[in-house]
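The block underneath contains the structure these notes are about, expressed in structure tokens.
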Amino acid sequence: MRFDAIVFDFGNTLAPWTDAQGERLYRAIARAVADHVGAPIPDFEARAHATRAALVFHREKTTMRELTVEEVCDAFFDGDTPAGLPGAVTRAIHDTFVELCRVPPHVPRTLERLARGRPLAVLSNFMLTSPVEAVLERDGVTDHLVHVEVSATRGWMKPHPEPFEIVRERLGTPMERTLMVGDNFWCDIVGGNRAGFLTALTREYVDAPDSHPEAPDVRADLVLERLDELR
């Protein structure tokens with residue numbers, strides 16, 4: 001299979017992100033909220049996780065617009081968010097994510113090889129752009145990319161076609177010669193397939209399913225156990 005450009009998802013594609021890391025992120029948010037309002041909120045982490053999960057599920061079924069920190073805070077506090085709290089939560093997410101998320105050393109080496117003769121990009125779903133860009137810069141990935149597109153930047157979540165088209169335009173390659181690599185079958189494989197991309201499902205960090213009930217006819221063009229299997 002020939003491809004002239006490659007688009008990578010970020011979390012669990014270029015960098016591992018475990019449940020334990022997610023729990024630590026929510027604990028950091030809980031501390032930031034407690035410091036801001038003056039006292040811990042009972043069951044904050046479980047309630048915050050459930051609030052965001054419900055909002056994401058609704059958006060995925062409707063507009064596919066990315067959530068903002070302000071929207072999640074307003075849902076959690078029933079529209080009565082304390083003044084200044086979204087800013088405190090944003091800082092906690094940024095700082096903790098950058099602290100916890102690390103791109104393994106073999107990834108920049110793989111991208112350096114793949115970038116010889118073809119453009120590379122990142123297309124990621126995340127509610128903040130700055131921490132993703134900061135990790136890519138710190139861990140030596142940015143130099144190998146022509147573009148980074150995070151859903152928070154323009155507001156569209158994969159599998160909506162808009163972010164795929166934005167990245168394809170930046171790469172300057174035909175859709176049918178552009179490869180989307182990711183671990184999430186719905187967002188990356190179904191989204192890439194519907195956008196006309198070639199697709200590769202990676203299982204390096206998670207045991208990703210190879211199908212989705214809402215797109216039973218879609219299959220990945222490649223399945224990778226490790227990113228460096230790309231040739």
Side-chain angles (χ1 to χ4, degrees), residues 1-25 56 60 96-129 131-151 157-159 163-164 167 171 177-195 197-213 215 218-231:
M1 183 177 65
R2 180 176 174 180
F3 41 87
D4 296 337
I6 310 175
V7 183
F8 297 95
D9 175 48
F10 179 65
N12 285 327
T13 298
L14 297 182
W17 184 259
T18 65
D19 291 341
Q21 288 171 300
E23 291 169 3
R24 290 177 63 183
L25 178 60
V56 169
E60 287 177 344
T96 308
F97 186 90
V98 173
E99 175 189 352
L100 296 177
C101 188
R102 300 279 168 174
V103 176
H106 74 274
V107 171
R109 295 195 296 268
T110 298
L111 297 185
E112 181 181 15
R113 170 176 58 80
L114 292 171
R116 295 168 188 161
R118 68 176 64 83
L120 310 179
V122 164
L123 174 56
S124 175
N125 281 356
F126 198 61
M127 64 191 305
L128 293 178
T129 299
V132 175
E133 292 180 336
V135 172
L136 292 172
E137 178 70 28
R138 181 199 63 204
D139 293 347
V141 176
T142 303
D143 289 345
H144 308 303
L145 306 173
V146 300
H147 185 66
V148 175
E149 184 73 20
V150 181
S151 57
M157 296 190 296
K158 296 176 293 183
F164 291 93
V167 171
L171 293 170
R177 300 287 281 275
T178 303
L179 179 68
M180 177 71 215
V181 181
D183 69 291
N184 186 299
F185 195 88
W186 177 246
C187 293
D188 301 316
I189 306 307
V190 174
N193 178 274
R194 290 177 174 175
F197 287 26
L198 298 167
T199 59
L201 179 69
T202 177
R203 290 174 165 165
E204 185 162 3
Y205 303 118
V206 294
D207 186 17
D210 60 3
S211 64
H212 194 282
V218 175
R219 290 293 183 273
D221 296 296
L222 292 173
V223 177
L224 307 170
E225 298 303 322
R226 286 178 55 87
L227 200 65
D228 57 16
E229 293 175 6
L230 278 174
R231 293 291 184 267

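Quick note: residue numbers are just sequence positions, from 1.
- In this structure, the separation between CG on Leu227 and CG on Leu224 is 7.0 Å, given to the nearest 0.5 Å.
- Every residue two or more places apart in sequence or in another chain was checked for a side-chain hydrogen bond (donor to acceptor under 3.5 Å, both in side chains) with Glu60, and none qualifies.
- Listed by first and then second residue, the salt bridge (Lys or Arg N to Asp or Glu O under 4.0 Å) pairs that reach into residues 221-231 are Glu204-Arg226, Arg226-Asp228, sequence neighbours excluded.
- In this structure a side-chain-to-backbone donor-acceptor pair under 3.5 Å is present from Asp139 to Val103.
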Mind listing the side-chain donor-acceptor pairs of residues 178-192 below 3.5 Å, one per line with the distance, residues two or more places apart or on another chain?
from, atom 1, to, atom 2, distance (Å)
Thr178, OG1, Thr173, OG1, 2.8
Thr178, OG1, Pro174, O, 2.8
Asp183, OD1, Thr13, OG1, 3.4
Asn184, OD1, Trp186, N, 3.1
Asn184, OD1, Cys187, N, 2.8
Asp188, OD1, Lys158, NZ, 2.6
Asp188, OD2, Asp183, N, 3.3
Asp188, OD2, Asn184, N, 3.0

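- The two atoms that bring Arg203 and Pro209 nearest to each other are NH2-C, 4.3 Å, heavy atoms only.
- Phe126 has its ring centre no less than 6.0 Å from the ring centre of Trp17.
- In terms of modelled atom types and a separation under 3.5 Å, the side chain of Glu149 and the main chain of Leu123 share no donor-acceptor contact.
- At distances below 3.5 Å, at least one donor-acceptor pair connects side-chain atoms of Gln21 with backbone N or O atoms of Thr18.
- Remark: Asp143 CG to Leu145 CG distance equals 8.5 Å, nearest 0.5 Å.
- Between the side chain of Arg138 and the backbone N or O of Val98, at least one donor-acceptor pair lies under 3.5 Å.
- Taking CZ of Phe10 as the reference point, atom SG of Cys101 lies at 3.5 Å (rounded to 0.5 Å).
- Around CZ of Arg118, the count of heavy atoms belonging to other residues, nucleotides or ligands within 6.0 Å exceeds 12.
- A search for side-chain hydrogen bond (donor to acceptor under 3.5 Å, both in side chains) contacts involving Thr96 returns nothing, not counting sequence neighbours.
- With sequence neighbours left out, Glu133 forms a side-chain hydrogen bond (donor to acceptor under 3.5 Å, both in side chains) with no residue at all.
- Heavy atoms only, all atoms of each residue included: Pro104 and Tyr205 are closest at CG-OH, 3.2 Å.
- Between His147 and Leu171 there is no side-chain heavy-atom pair separated by less than 4.5 Å.
- The side-chain hydrogen bond (donor to acceptor under 3.5 Å, both in side chains) check on Arg109 picks up nothing, with sequence neighbours excluded.
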